[in-house]
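Scroll down for the structure; my scribbles are underneath it.
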Number of protein chains: 2
Amino acid sequence: MSNSGSVTIHDVARRANVAVSSVSRVLSNHPDVSIKMKTKVEAAARELGYSPDPVAQSLRRGTTNLVGLVVRDYANPFFAEVISGIEEVLTEAGYTLIVTSSGREATQETERITMLRQRRVDALILATVSDKSTSTRKAISAFKKPVVLLDREFPRLSTASILLDHASGLQAGTTDLLSKGHRRIALITGTPDIRPTRERVRGFEQAYRDAGIDPAEATEIAVVFSASFAHEKAVELLRLPVRRRPTAFIAGGVQATIGILEAMSELGIRAGDDVSLIVCDDLPWLRVMRPQISSVSRDAVDMGRAAADMVLSLLGGSTPSSVMLPTTYHVRETTQFAPGSRR
Amino acid sequence: MSNSGSVTIHDVARRANVAVSSVSRVLSNHPDVSIKMKTKVEAAARELGYSPDPVAQSLRRGTTNLVGLVVRDYANPFFAEVISGIEEVLTEAGYTLIVTSSGREATQETERITMLRQRRVDALILATVSDKSTSTRKAISAFKKPVVLLDREFPRLSTASILLDHASGLQAGTTDLLSKGHRRIALITGTPDIRPTRERVRGFEQAYRDAGIDPAEATEIAVVFSASFAHEKAVELLRLPVRRRPTAFIAGGVQATIGILEAMSELGIRAGDDVSLIVCDDLPWLRVMRPQISSVSRDAVDMGRAAADMVLSLLGGSTPSSVMLPTTYHVRETTQFAPGSRR
DNA sequence: TACAACAGTGCTCGGTGCACC
DNA sequence: CGGTGCACCGAGCACTGTTGT
């Protein structure tokens, strides 16, 4: 006895006084079934509350209708929204989502991917710890079914990916700062091991080049790759003598945002008045901040939907491709003219 | 290069020149196996890279090693932390987590629970839309396996639950406000259809009684059950004539917190100076706020762990029980003496 | 005879555990 | 005691046999 009170296809057949194979044919929409048979079987199934056992179906068909997701950790509220987008689309299509986190460790990440492969999930959606890890690369290529990457790129791997155009957004923001006279702009961001960081830096530097300024010369502080130490780093930078201190900050991520804001309030520095600020991601709680903070935003739920759509299309037989989603620069109150700059 | 996923127990048996059932016994640590057999089979399994198929195991055993979670929505960062706690414990125990959201609709919620039952998940963890819904109640009782509720109570249903002691925390906070001379305290919170709200109100009112004050008489504004309209409500209250305006606010939930803070900054009212404020949940971004906001906090990750532990213990045969987790009132800078009150 | 519509059989998926040697 | 054969779990599917028109 496996499931107490679970009704099988045999029970339905007995109830309807037909053969098991007939029930199977009705339920799988086989062409050679009379209307009479169809209604009879469907009635019996309904009366008994029958639903096919997904486990048995999986064993037979080799598919599970499960999709696995591996994120770095759930701390980032961004992923909560991505998950909600993914889950929305998958549920509607009859798929179910399994979530797992890697705890930002490549070894755990490969374990999780392997686990999901053994569980025979039909597809994988990944926001990997790094897109340079060889162990992750191996784990991905060992997974023979569809894989969709969230803002990651593993060259020469046949995966699809949902990419965000961080570069444009950051370029727009940086250009705005430069046009307002800022020259010492500190970009505090996470690890360059993942694409979002690299793209942000690229957009940042592109803005300098477009303005005819060499980023290496014009800024004393360019890029700081540190998320967990964003706070310490921001304090350090804000304590520099005024003539060397950055006149503007750009936070590339949630941790950087919190770190910078914390440093500013500790040192009694108001964003916008004393130092300009642009953050990435329009988080709900930013609305309560005054002055209102300029941001480069993206639609996380939409990204999740796009990833799930991609999964479904790959399962439908499409070949892997990339989708690029936009980011938008919102000018608010924290991008002001640099001190001493003519307005 | 042979597909390591498609290696079956038969392949191992053939490789080791033994019967399939012998392989099964070795791998499931049956006592009656010779050392010779054990080493031979294990060697063959290792050489072929064999790992048992969970789908086939599920069909035979009637268990899936899957645990389902249904939350109201992922928007609440609180749940992200809960999930991380659940996932951490379950993964270590060899279980896998399926997440689903009800979108705050009871009909969808029952659909999700039914879906998870059909998927043959071994246990359910639920943060239901309401704990008064009869359709949800039915869906839960139709699920014959372990169910753990997250801060919900369905009387006369044999479910376990992880409860938070919101009442004590809120009572402590309210008592602090009362002792500082506040009499018009506005508690803005979510729907009373779920336990957290009811417990918060209970703690709130208990503090009044303990102080010998009738809450109905002493406060013009007692409880506002509105989360999505927290902002509008806060604006409305803050615009009242000073003699009728609340001198303190308590936000019972994330949405209420954001709504109140937004209203305050719009109207140029500083928390702490003009109006005292206590919020629920110590969210990471509250750290960046100045003045620092007093809060009633709880450990979300710990709650997740407790829920997962409970699931494991129920699967181990324990009878359902309730676990109560504490909340703590943190006095910070936004609980000041009421205006006109002697200090 | 031809054919549609079904019944019935038997093997498959991969693994488990009992009866039996 | 150590090891093997075999009947399951629930559904899918191909194939043969049977019925009625």
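Just so we're on the same page: letters track the sequence lines, and every chain starts at 1. Keep in mind the model is a prediction, meaning the values are calculated, not measured.
- Across all strands shown, A:Val18 has heavy atoms under 4.0 Å from sugar-phosphate atoms exclusively, and none from any base.
- Here the side chain of B:Ser58 pairs a donor or acceptor atom with the backbone of B:Thr63 at under 3.5 angstrom.
- With D:dG3, D:dG10, C:dA7 as the candidates, the nucleotide lying closest to the side chain of A:Arg60 is D:dG10.
- Not a single donor-acceptor pair under 3.5 Å links the side chain of B:Arg15 to the backbone N or O of B:Ala44.
- Among the nucleotides C:dG8, C:dG14, D:dT4, the one closest to any side-chain atom of A:Leu59 is C:dG14.
- Rounded to an integer number of Å, the gap from B:Leu27 CG to C:dG14 P is 16 Å.
- Look at CG on B:Leu48: it is 15 Å from C1' on C:dG14, rounded to the nearest Å.
- Nucleotides of DNA chain D nearest to B:Lys36 and B:Ala56 differ in position, and the one nearer the 5' end is that of B:Lys36.
- Residue B:Val23 is out of contact with every strand shown, counting any heavy-atom pair closer than 4.0 Å.
- Proximity of B:Leu314 to B:Pro320: side-chain heavy atoms (C-beta onward) are separated by under 4.5 Å at one or more points.
- For A:His30 and C:dA5, the NE2 to P distance is 11 Å, given to the nearest whole Å.
- In the set D:dT4, C:dA7, D:dA11, C:dA7 carries the atom at the smallest distance from any side-chain atom of A:Met37.
- In this structure, of D:dG2, D:dA11, C:dG15, it is C:dG15 that holds the atom nearest to the side chain of B:Gln57.
- At least one side-chain nitrogen or oxygen of A:Arg61 sits closer than 4.0 Å to the OP1 or OP2 atom of D:dG12.
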Original post:
Is there a side-chain hydrogen bond (donor to acceptor under 3.5 Å, both in side chains) between B:Gln108 and B:Ser102 once you walk through the steps?
Top reply: CA-CA 5 Å; B:Gln108 278 203 30; B:Ser102 58; over 6 Å; no
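- As a whole-Å value, the separation of B:Asn65 CG from C:dG15 C1' is 14 Å.
- The residue B:Val33 sits close only to the backbone: its heavy atoms come under 4.0 Å of sugar-phosphate atoms, none of a base.
- One interatomic measurement links the two molecules: CZ of B:Arg25 to P of C:dA19, which rounds to 14 Å at whole-angstrom precision.
- Phosphate proximity of D:dG3 to B:Ser34: present, with a side-chain N or O under 4.0 Å from OP1 or OP2.
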**OP:** Determine, stepwise, if the pair A:Ser101 / B:Glu87 fulfils side-chain hydrogen bond (donor to acceptor under 3.5 Å, both in side chains).
**Re:** CA-CA 8 Å; A:Ser101 82; B:Glu87 204 256 331; 3.2 Å; yes
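- Across the strands present, D:dC1 finds no partner; the criterion is a Watson-Crick or G-U wobble pair with both atom distances under 3.5 angstrom.
- Between the side chain of B:Ser21 and the base of D:dG5, a donor-acceptor pair under 3.5 Å is found.
- Across all strands, B:Asp11 comes closer than 4.0 Å to no nucleic acid atom at all (heavy-atom distances).
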